[in-house]
Each structure stands twice: as C-alpha cells, then as structure tokens.
Colleague: 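Below are the structure tokens for one structure; questions will follow.
Numbered from 1 within each chain, the chains take letters A, B, ... in sequence-line order.
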2 protein chains.
Amino acid sequence: MDQTKIFSEFLGRKGLKTTSQRKIILRAFLSSQSHCSTEDLYLKLRKSHPKIGYATVHRTLKLLVECGIAIEQHFGDGHARFEPFQFDRHHDHLVCKDCGLIIEFEAPQIEELQKMVAATHEFMIKNHRHELYGLCSRCATK
Amino acid sequence: MDQTKIFSEFLGRKGLKTTSQRKIILRAFLSSQSHCSTEDLYLKLRKSHPKIGYATVHRTLKLLVECGIAIEQHFGDGHARFEPFQFDRHHDHLVCKDCGLIIEFEAPQIEELQKMVAATHEFMIKNHRHELYGLCSRCATK
DNA sequence: ATAGATTTTGATTACCATTATCATTAATAT
DNA sequence: ATATTAATGATAATGGTAATCAAAATCTAT
C-alpha cells in the first residue's frame, strides 16, 4: 500500500479530510531530500504551488509524524527537521557542527545496550535520541 | 582548586569581571539539584537574593557552560537544563515522558561503540546527545 | 585609596520558530 | 445538491532565548 493511501486512511479514521494540499505536501515531502525543515519544504513547494501557505505545510508535517510516515528530528539549530520513517532501517545521526552535514548510522549493538540500560532502570522505552556532534572529515582538515 | 576560583580565573582570562552576582549564582547552581532550568535557578535565588535578575542568571549559566563548569541539556520540553560537569562520571539520561523523572545512566560500552561509528565515518566527535524517552516504572504501572 | 575606563546588571524589548485564531473556502455525508 | 464539518492561508499570539541600554559596579593604573 502506498503512502498516499496510508495517509488518506489515517485521515479518514480521525474524521479529517484528504485535501489536495495534503496530497501535494506528502508527495513533495517524500521526494525531497531527507532531513528537510518546514521552511525547506515550504520554499520548495512554493515554486510549483505558490498558494500553499506555511501554516498548512507545518500542520501537514505534524500529521505525517502522527501518522507514522515521517519522523521529527532536532539537531540543535532551532529548526525541526523531518525525514521519512523507514521501518526496517532505524538509524541515528552524525552532525557536523561546521558545515551541517548529516550522516545516518546504524548501530544495532548500541540499540541492544540501550535495551539493557532501560531494563536495569525498569524503564519502558518509547523512543530515543542519539546524535554525535563534531567535525566531518572535510571540515576537520580545512 | 575549587569551582569559584576556576570561574574567576576563566573570567579573568576573558577580560570579564568577577561580580558578586556571578559568585552567588555559581554557588546556587552547584548546590541546586541537577538538571535545573534557568527559571528553576532564578526562582530559587529570588528567595535569598531578590535583586538578581533573570537575564543575569541566564547569562551566567551560559558562562558556566563556556567555562566547563556546567553542561547544557535539552530534554524536549522547551527548557534548557543545566547540570554540573563531572569529568570522571560521564552519563546520559533516561527521561520519563509522563512525570518528567530524569535518571542518569553510564554505559561505557556505548561510548566505545560511538567511537567506532565516528571512526568509520571519519568524524571527529566533539560531544553527543543520547537520551532514552519512555515511562518510568511508577508511571508504566499506573 | 582614587579616578577613569570598561564591564555588568536588571528591566525591558526584540527575536524567531512554532502554534493558535478566524473568516473564507473546500470536502464529505446524506 | 445541500448541509455539515473541517481545512486553508493570512495573520497574530506565544514563549524561551538573546539583545539593548542607562545606571551601577568592577578593575587598572597611578
């Protein structure tokens, strides 16, 4: 089942409506590069659909997160960023403090250790944040 | 060397002045419970030193971070939180999404794995964030 | 110790991403 | 097709953080 249908059914279950803007924003989000901010997506959309407002982009991204299609990230620059959720490819991020480069990494061993930590403290984990901040190889050598 | 002297020397090196407010705020910060926000500290201080303004507390906490005495944390509630830096006791945090409880955990194995991830991607790590969000045992069972 | 130079303070305002508001427009059920 | 309800888009409100500025405090050189 494609994402458009998943989103429509999600909206239907909540008594919300599948509007043309929401479909357009979903398409643009999925075809945009990952880790885009609300503003990134708004500016990108403005070229093809100048009537779509910032507030609608913002609200739709929130809905996509609630629906499970998108994940919201914060990397400390004051802009929320969004990426498509990939069920079978959980990852965390390396963030370059100089140029802003974002690299995804997968570390199943860390995930396992997290579970042990949670068990030790009798915590039921819902989600986590794990970001490594530093300099990418390019920025470290210049 | 105690923290007050460290802070004074830091200020001196930067051409800044050691004021009574800065000394008072440092003392209050060190004796406050960890993970306090600017507002927490401001309200605590107001009882004994009602003339100290919010802006001064805010600026001094930023200086303490720069000096290395404090570490700034963000747990997603929109309030920056501060805790004393402990050189030999690095830790990350479990955060209860229901009651706000914060538990510190140490996981040297995770730290090692982080170094390996960084090396793989040729990143020079400066700092990291690692937080596990969920429900504490009390909130999970009520 | 004193005077002059510079920084700090504290109150207030500005900033800016996010969120709420609301009249108009659009989607859905009957 | 119509009525009902939600969505849109422009704008204003919100709230934590940071900047501003006149008055006060600190530091340096004498």
Side-chain angles (χ1 to χ4, degrees), chain A residues 4-5 7-26 28-29 35-67 70 72-82 100, chain B residues 4-5 7-26 28-29 35-67 70 72-82 100:
Chain A
T4 306
K5 185 161 280 184
F7 191 36
S8 280
E9 293 189 358
F10 164 81
L11 292 170
R13 277 196 304 280
K14 296 204 58 165
L16 304 180
K17 294 169 181 173
T18 301
T19 63
S20 61
Q21 288 93 332
R22 286 178 176 163
K23 285 189 280 190
I24 290 164
I25 292 168
L26 171 57
F29 169 67
H35 316 117
C36 67
S37 66
T38 308
E39 192 180 1
D40 290 340
L41 197 56
Y42 169 68
L43 292 177
K44 175 184 171 177
L45 273 162
R46 207 165 57 170
K47 295 174 192 161
S48 50
H49 299 84
K51 305 268 267 307
I52 293 181
Y54 189 96
T56 303
V57 176
H58 171 260
R59 285 179 295 221
T60 303
L61 282 169
K62 291 286 179 187
L63 285 170
L64 291 176
V65 170
E66 193 181 338
C67 173
E72 185 173 343
Q73 309 276 0
H74 293 86
F75 295 138
D77 64 349
H79 291 260
R81 293 176 179 281
F82 299 86
Chain B
T4 306
K5 185 162 280 182
F7 191 36
S8 281
E9 293 189 358
F10 164 81
L11 291 170
R13 278 197 304 280
K14 296 204 58 166
L16 304 179
K17 294 170 181 174
T18 302
T19 63
S20 61
Q21 287 91 334
R22 286 177 176 163
K23 285 188 280 190
I24 290 165
I25 292 168
L26 170 57
F29 168 67
H35 317 116
C36 67
S37 66
T38 307
E39 193 180 2
D40 290 340
L41 196 56
Y42 169 68
L43 291 177
K44 175 184 171 176
L45 273 162
R46 207 164 58 169
K47 295 173 193 162
S48 50
H49 298 85
K51 305 267 268 307
I52 293 181
Y54 189 95
T56 303
V57 176
H58 171 260
R59 286 179 293 221
T60 303
L61 282 169
K62 291 286 177 185
L63 285 171
L64 291 176
V65 169
E66 193 182 338
C67 173
E72 185 172 343
Q73 309 275 0
H74 293 87
F75 296 138
D77 64 349
H79 292 261
R81 293 178 179 281
F82 299 85

Colleague: To the nearest Å, give me how far apart OH (B:Tyr54) and C1' (D:dA19) are.
Modeller: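 After rounding, the reported distance stands at 15 Å.
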
Colleague: Of all the choices, C:dT8, D:dG9, D:dT17, which nucleotide is nearest to the side chain of B:Ala80 once you look at every atom?
Modeller: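 Selected nucleotide (nearest to the side chain): D:dT17.
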
Colleague: Go nucleotide by nucleotide along DNA chain D from the 5' end; which of B:Thr18 and B:Arg81 gets its closest nucleotide reached first?
Modeller: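 This one resolves to B:Arg81.
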
Colleague: Are any of B:Ser20's side-chain N or O atoms less than 4.0 Å away from OP1 or OP2 of D:dA25?
Modeller: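 It does not, given that no N or O in the side chain of B:Ser20 lies less than 4.0 Å from OP1 or OP2 of D:dA25.
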
Colleague: Counting the atoms with a prime plus P, OP1 and OP2 as sugar-phosphate, which does B:Arg59 contact under 4.0 Å by heavy atoms, base, sugar-phosphate, or nothing?
Modeller: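 Contact class for B:Arg59: base.
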
Colleague: What is the distance, to the nearest angstrom, from the CZ atom on B:Arg22 to the C1' atom on D:dT26?
Modeller: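 The answer, rounded to whole Å, is 10 Å.
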
Colleague: Grab the NZ-P distance between A:Lys14 and D:dT5 for me, whole Å please.
Modeller: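 About 18 Å, once rounded to whole Å.
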
Colleague: A:Phe82 versus A:Thr38: any side-chain heavy-atom pair under 4.5 Å?
Modeller: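 A:Phe82 reaches A:Thr38 side chain to side chain.
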
Colleague: Is the base of C:dT9 touched by the side chain of B:Lys51 through a donor-acceptor pair closer than 3.5 angstrom?
Modeller: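 Counting by modelled atom types and ignoring angles, no donor-acceptor contact under 3.5 Å is found here.
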
Colleague: Has A:Arg22 got a side-chain atom pairing as donor or acceptor with A:Lys17's backbone, closer than 3.5 angstrom?
Modeller: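 Judged by distance alone, yes, a pair lies under 3.5 Å.
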
Colleague: Taking all non-hydrogen atoms of both residues into account, name the closest pair between B:Lys44 and B:Ala28 and its distance.
Modeller: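 Reported closest heavy-atom pair: NZ-O, 3.3 Å.
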
Colleague: With heavy-atom distances below 4.5 Å as the criterion, would you say the side chains of A:Arg59 and A:Thr56 are in contact?
Modeller: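 A side-chain contact under 4.5 Å exists here.
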
Colleague: How close or far is atom P of C:dT18 from atom NE2 of B:His74, stated in whole angstroms?
Modeller: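 Whole-Å distance recorded here is 14 Å.
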
Colleague: Using whole Å, report how far CG of B:Leu11 lies from P of C:dT6.
Modeller: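 The distance from CG of B:Leu11 to P of C:dT6 comes to 19 Å, rounded to the nearest Å.
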
Colleague: Between A:Tyr54 and A:Tyr42, which heavy-atom pair has the shortest distance, and what is it?
Modeller: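 Result for this residue pair: N-CE1, 3.5 Å.
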
Colleague: Taking only the side-chain heavy atoms of A:Leu16 (C-beta and beyond), determine which of D:dT26, D:dT17, D:dA6 contains the nearest atom.
Modeller: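 Nearest nucleotide to the side chain: D:dA6.
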
Colleague: Toward the 5' end of DNA chain D, which comes first, B:His79 or B:Ala55, by nearest nucleotide?
Modeller: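 Between the two, 5'-proximity favours B:His79.
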
Colleague: Let me know the distance between CD1 of A:Ile52 and P of C:dT25, rounded to the nearest Å.
Modeller: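 After rounding, the reported distance stands at 18 Å.
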
Colleague: Starting at OH of A:Tyr42 and ending at P of D:dT8, how long is that distance when rounded to a whole Å?
Modeller: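 Value for this atom pair: 14 Å.
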
Colleague: Under 4.0 Å between a side-chain N/O of B:His58 and OP1 or OP2 of D:dG16, yes or no?
Modeller: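 It does not, given that no N or O in the side chain of B:His58 lies less than 4.0 Å from OP1 or OP2 of D:dG16.
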
Colleague: Using a heavy-atom cut-off of under 4.0 Å over every strand shown, decide if A:Lys62 touches base, sugar-phosphate, or nothing.
Modeller: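 A:Lys62: backbone/sugar contact only, no base atoms under 4.0 Å.
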
Colleague: OP1 or OP2 of C:dT25 less than 4.0 angstrom from a side-chain nitrogen or oxygen of A:Gln21, does that happen here?
Modeller: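 So the side chain of A:Gln21 is outside the cut-off, no N or O lying under 4.0 Å from OP1 or OP2 of C:dT25.
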
Colleague: Under 4.0 Å: is that the gap between some side-chain N or O of B:Thr56 and OP1 or OP2 of C:dG10?
Modeller: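 For C:dG10, OP1/OP2 do have a side-chain N/O of B:Thr56 under 4.0 Å.
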
Colleague: If you assign each of B:Gly15 and A:Glu39 to its closest nucleotide in DNA chain C, which residue comes earlier from the 5' end?
Modeller: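 Nearer the 5' end of the strand: B:Gly15.
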
Colleague: Could you tell me the separation between the NZ atom of B:Lys17 and the P atom of C:dG4, rounded to a whole number of Å?
Modeller: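 After rounding, the reported distance stands at 15 Å.
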
Colleague: Answer whether the closest heavy-atom distance between the side chains of A:Arg81 and A:Asp40 falls below 4.5 Å.
Modeller: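 Yes - at least one pair of side-chain heavy atoms lies under 4.5 Å apart.
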
Colleague: Considering just the side-chain nitrogens and oxygens of B:Thr19, establish if one lies under 4.0 Å of OP1 or OP2 belonging to C:dT7.
Modeller: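 Result: no.
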
